[in-house]
Every structure is written in structure tokens, then in C-alpha cells.
Amino acid sequence: MSPNESTVYVYVKCDTVISEEPICLSVTPKYTYTPLNQLKHGSVVNVYGAVKFFKPPYRSRGTDYCSVVSIMDQSNAKLTCMLFSVNLDTLPVIYKIGDIVRFHRLKIQQYKNEIQGVTTVGFSSLTFEGTLGTPVIPRTSSKIYTFTSDDQKTVEALRVWAAHHISSSGALIKLSDVKAMQFFDLTCELVGKAEVDGSSVLLKVWDGTKPPFPSWKVLFEDGSLEGDADRINQLQNLTVDILVYDNHVALAKSLQIGSFLRIYSLHTKIQPITPKKQSNIAHLEFHLHGGTCYGRGIKVLPENNCDVEELKRFLDSVDLAEYQQLENICDLDYNISSSFSCKKDSWNAVFIQKHSFIVLTDHQYLETTPLSAILKRDAPQQYRIRAKLRNYEPQKLYQSVKLHCPKCHSLQEVPHESDLELVLQEAATEQPDPKLQNTSLYNSEVWTTQNQQERKIVIHFIKNDGILQVPEVTLIMIEGGLLSEIYQLSKKFKGVIPVKSSQEDLIVLDLAVPFLIQGKTWHYGCKQCSKLKTMQNLNSLVKEASWTPVCIAEALGIVPLQYVFVMTFTLDDGTGTLKVYLMDCEKFFQIPASEILNSDDLQKNMEMIMYMLCPPGKKIGEYPWLECFIKSYNVRNEVEQEICYRIFDTVIAEDLI
DNA sequence: GATTAGGGTTTG
């Protein structure tokens, strides 16, 4: 064998045992691998990639199993592959984002202006654990495959790249960290299973940690529960009930008790509290909905999977007796009648102590003052209080979010989209000035819309030290853009500044619209306090590329407005009631007011918090106690002086959110 | 031999 010849090791895989002894053949490797940015429509290629997204194999409506896998490599290009096979085994065995795959004989074709990979005759795959430092052992059903030292290097290099460029399974969380409303991936052991009806199956699983809220208990017919009854009973406070629907039912039915599972895109919801139920504690529902969106599905993990090995060690170390005690307290709560409200409160106290989901104060040294005493005293004072939230206003969340100027302290409404669109439409009729395009600060491109009377849009790409960067870190300015266009661009670029041409330079379009759109946050400036400067002033930020809203606002002479929640709480501690104001950016609810209007998830979290603090359909005796820090202050109106109260230094405990 | 799905959450 000449020194330049590579060695191809042909590993012969017999069932699950990989032969330790490579058969050494003196042949030149025949496989070449195409970088993902060089794929040509119509070709059949071999590729390597790190898994960016995947749907675990599921039965398609046709004859085959299907798995959708998106991969990326060092070229930063992404390829989505449609993998089909009659045989489940020949699809890649991917367990999580970041795994490394090698595909042989993948056909590249075009679909909707993008290329995609599809299985073709002779398709085969190897999958490797993506974690740095773990052994490079392929998962595959292929009995014979090549694996050279070059392959080893490719996998290792991709692991390093993926560790920096692909966010690992952040969705993989423990039951103890589960939030009241979220989608996540769960690694767990199956302890019980029951068919509930034709379209759903109940899975009872645990991962050794205690969820922050008790699990809902799904009802099923007597005798339909599979699993060891003693064990199910012993673990009842640590297991959660997952309802699995529709297309996942068949797979769920086939699962063996005691197997280790990864359940992808599991959904938690708070169980509505109904008057029939005696408990005033929120319960969590776990759903694996129908469909395969976001890779929703179930995969059985082998015993030798490193996550399973870790889970097994952890499950063995759990002290079950500790959770048995809590169970007894739970039983007390479930069984007592509503007439024993003081007992219930004491249970509530235990629960709150354990899970601390009620409002906390930073000022633990202060003694609690009854509201009746506060009402008799002059202002200004500070108090620690313990009360229940009898009512709050406004009830509609979007009405509680306002814009506050830290300089002149004015409060204003967040502009409605239709108002923004009017201003943008008006501005779009003005002609961009070509003299202001392509300067040392930015490169400009003029686009002409096709269907709207040839409207001109100019995008100015701000350079970093004279060089254009990738969109993710590039700030752009837009002239003549409408709301939908700005919205689309804000998804691609670091930030978008709506501008217009003036005599000397580009200037901020109008403070009636955001001066900067960054991610989901629309930043506004105060009309009264801002003293606008032109866009060339951004030059001062270019070197450091410090494109924070604060820096940009300062460079442009803008006083940025803060998003705040403004609410009135009516508090009641049995001795009296007090109206208390809350003005909060993000500390109180642990939810940024600046992002909530553009986030369904945050809105749901907020609704859930208010639902917990002020549960509808319940008597006030059953409301949770809140601990707050408030201060009183004098407000003089035209006729008289009034004492007002405001919450501060108070937060909702993290566990609730 | 073609089809399946074509990533971007249910509404139980």
C-alpha cells in the first residue's frame, strides 16, 4: 500500500454488535462529501451535517415511514431532507438536535425555490452523538459501511462547529423545571399506560424530579391500566399523566412499560379550576397533541444511550420516602370540604413555602402592617403588607401596557398598528434622495415594488468599519417601507430604523413610529424630550458595533420610552381594602413589558399569573395570599390632597412563571 | 412504480 493511499475500514455489523476487528482493505475511498452550500439540483450526493431540526420517524399517509431532518455544516447552509423508508430501521437514528449525520445517496431536488434532500435508491445513513468528547460510534442499521479516519475527523470537526453554531436541545428540561405553559422535550421512564378512548392514550412517566405543580389525573376505565400497580402507587407524586393523541396513539400503544422515552414537543397547560374541585391548587395538564409540528413525537431510547444512563443513575438515587410525606398533605387538601377553610389555608401555606409561587418582597425585616392601620396614617410611608388580590384593572392585558418617558414622566398608549401604517404609507409617497445613498456609513439598495404603483423602497445597510456584515449583526435603515416589510426585515437583521431623506442627511422618519425595531421589540422615543440628530451620528457607534437601543437612541438624540405595565390592584386583608398602583417594566411579573405585545407565550404566562393571583369563580377565602412592599405618597389635585399607594421592590416568584 | 412531506405547535 502506498503511503498516500488511505485505509478504508469496513466494519461488519452483526445485529447490534459491531465487530471490534476492522477488515483492512487496501482501496481508495470512493465517497466524496459535498458541502451543503454547493448542492446542485438534480444531483445525488453524499453529505455530512449537524442536525438542526428533526421529526422522529412517523408513519406517512403513503406506504413509508417518514422523517424530516434539517442539517447544517460549516458552510452555514441548511438542507432540509425528506427521508422515506418502508423499513423504520433504515431512517437515521437521531435522538436530539446537534447529533451528527452522514447521508449516502441523497437526491437533491428543488421545491418551492429551495433545494431539499430526498432519499433515493440505496440511501443509507450513519448518526453520531453530537456531544464533544463522546466516542465516535455510528448508529446505523447498515450491516456494512465504510468509516475512515477522515470520517472520524469530519465528525469531530462538525461536533466542534455545532457546539458553537447550533443551539443544543435547550428544550430538554426536567419535570421540576417545567413551566405552566410551554412546549418541551422530556426524557423519562414509562411506568404506566392506559387506553383512554379511540383517539388517546395515557402515559404515566417520571424523571425523578418533582414538578412545580401536581399533575392532573387522567380518568380511565378500571382494569385498563398497564404497569406494576404498586410501583405506580409508590411513584404517584412523581409521575405525570400525559395524554397522547391521534397519530401518536399507535406508537404509544406499542410502548413497553419500563422503557425510556424521549417525548418531543410535549405541551403543558394549567388545568382550569372548576367549582366542583375542592383543591385550589393549580394542576398541570400534559398533552402530546396530534400532528408532527416542531418534531412532535415519541422515541424509545436504548438502555445504553448516555442520557438514559444518566437518568437511570438519577432515578436510583431518588429518596421516595421524602415525596411520600408530601403526598399525605396533598390528600388532606383533596379531601377536605370547603367549610374547613382555615385548614385549607394552612395547606396553602405549606404549598407556598415549598413552591413559593406568590409575590415576594425584598424587605423581609419589616413587620406586616394591616391595611386598616395603613388607611389611618399620613404619607409618605413604606409598608410590608399581606393581602389578597380582590380585583385588578385593566382586565385586558393590552390595556395595561403603556409607554413611559423616564425624563418627563409622561405616559402614553402604545400606538396601534393601523396608526403606524398610516404614517408609513404617508412617508412612502415621498421620494428618496439618491444623493443620500451609498455613503461611507452604509451601502444602499433601491427596490421597486411590483404591484403597488412601483413604490420605491431603499434599504441602507450599515457597514462595520467599512465592511458589510452578515444580516444577523447588521443594522439597516429603510425608506419607504410599509409595516409588513419592516416586520419581515426585522426577522433577518439585527435592527431596522425607519428613515426618510432630508436636505443634508437621512433622518428618523417620525417619532410616531418606532425609531428602532429589534427582534420583537419596537422601540419608541419621547416626542417632547428628544432632540433629533441625523443618521451620520451613528458613525460614533460603528467601530464597537454597539447597536443597543440605548446607544442608538443616544447617538440620534432620542429619549427612549420604556414599556411598562400600569395596573391598579384592589387588595384586601380582611381588615380593609386598599387600591394600589403598579408600574413595572419587567421586575414584578418577570415578564418584559416591551416584548409581551408581540409574544403569545408571554401573554399566556401573564394570563396564568393573574389567574393564579385572582382565581375567577372562587371565594376570596380561597385566593392565595400575596406579600407586597408598598409606599404611600401624597397627590394634590385641584380640590384636595389624596394619599396614593404604589407597589415596589416586589416580584412574582420564578416558579410560577 | 408513485406516493408519502415539503419543519414552524392543539384547542382534546
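This is a predicted model, so every value here is computed, not measured. Every chain is numbered from 1, with letters handed out A, B, ... down the list of sequences.
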Over how many whole Å does the gap from A:D241 atom CG to B:dG12 atom P extend? 18 Å

Which part of the nucleic acid does A:R296 contact within heavy-atom distance under 4.0 Å: base, sugar-phosphate only, or nothing? base

Are there more than 12 heavy atoms of other residues, nucleotides or ligands under 6.0 Å from atom CD of A:E417? no

What do the steps show when you test A:D241 against A:K217 for salt bridge (Lys or Arg N to Asp or Glu O under 4.0 Å), and what is the final call? CA-CA 6 Å; A:D241 283 9; A:K217 301 288 176 214; 5.2 Å; no

Could you state the CE-P distance from A:M181 to B:dT11, rounded to the nearest angstrom? 17 Å

Criterion side chain to side chain contact (heavy atoms under 4.5 Å, CB included) against A:V205, the qualifying member of A:V191, A:L186, A:L238, A:T239: A:L186

If you go through the side-chain atoms of A:S70, does one of them form a donor-acceptor pair with the base of B:dG7 closer than 3.5 Å? yes

Looking only at B:dT4, B:dG8, B:dT10, the nucleotide nearest the A:S60 side chain is B:dT4

Approximate separation, where rounding is to 0.5 Å, of A:E189 CD and A:W206 CH2: 6.5 Å

A:Y294 stacking on B:dG8: centroids under 5.5 Å, ring planes under 30°? no

So which one's nearest nucleotide on DNA chain B is more toward 5', A:S85 or A:H267? A:S85

Interatomic distance where CD belongs to A:E114 and P belongs to B:dA5 [whole Å]: 19 Å

Base, sugar-phosphate or nothing for A:Q182? Non-hydrogen atoms, less than 4.0 Å. nothing

What nucleic acid atoms does A:K269 come within less than 4.0 Å of, heavy atoms only: base, sugar-phosphate, or nothing? base

A:E221 CD: over 12 foreign heavy atoms closer than 6.0 Å: no

Which of these nucleotides, B:dA5, B:dT3, B:dG7, is closest to any side-chain atom of A:Q116? B:dA5

Whole-Å distance, A:E285 CD to B:dG12 P, equals 9 Å

B:dG7 phosphate, OP1 or OP2: any side-chain N/O from A:K78 under 4.0 angstrom? no

Return the nearest nucleotide to the side chain of A:T63; candidates are B:dG8, B:dT3, B:dG12. B:dT3

What nucleic acid atoms does A:Y58 come within less than 4.0 Å of, heavy atoms only: base, sugar-phosphate, or nothing? sugar-phosphate

Can you tell me, in whole Å, how much space there is between the P of B:dA5 and that of B:dG1? 22 Å

Classify the side-chain pair A:K55/A:T292 by whether it contains a donor and acceptor separated by less than 3.5 Å. yes

Taking atom CD as the centre, does A:Q395 end up with more than 12 heavy-atom neighbours from other residues, nucleotides or ligands that are less than 6.0 angstrom away? yes

Rounded to whole Å, the CG-P distance (A:L284 to B:dT10) equals 20 Å

Taking only side-chain N and O atoms of A:Y111, does any of them lie within less than 4.0 angstrom of OP1 or OP2 on B:dG6? no

B:dT9 base stacked by A:F183? Criteria: ring centres under 5.5 Å, plane angle under 30°. yes

Is there aromatic stacking of A:F84 on B:dT4 here, judged by a ring-centre distance under 5.5 Å and a plane angle under 30°? yes

How close or far is atom P of B:dT10 from atom CD1 of A:I263, stated in whole angstroms? 18 Å

Starting from C1' on B:dG7, measure out to CZ on A:F54 and report it in whole angstrom. 12 Å

Of B:dT4, B:dG12, B:dG7, the nucleotide closest to the side chain of A:D246 is B:dG12

Just call it for A:G290: base, sugar-phosphate, or nothing, with non-hydrogen atoms closer than 4.0 Å on any strand. base

Once you round it to whole Å, what is the distance between P of B:dA5 and NZ of A:K112? 14 Å

Most 5' of A:L288 and A:C293 on DNA chain B, judged by nearest nucleotide: A:C293

What's the base orientation of B:dG8: syn (chi within 90° of 0) or anti? syn

Give a yes/no on whether any side-chain N or O of A:R61 is located under 4.0 angstrom from OP1 or OP2 of B:dA5. yes

Over all strands shown, is A:S265 touching base, sugar-phosphate only, or nothing at heavy-atom distances under 4.0 angstrom? base

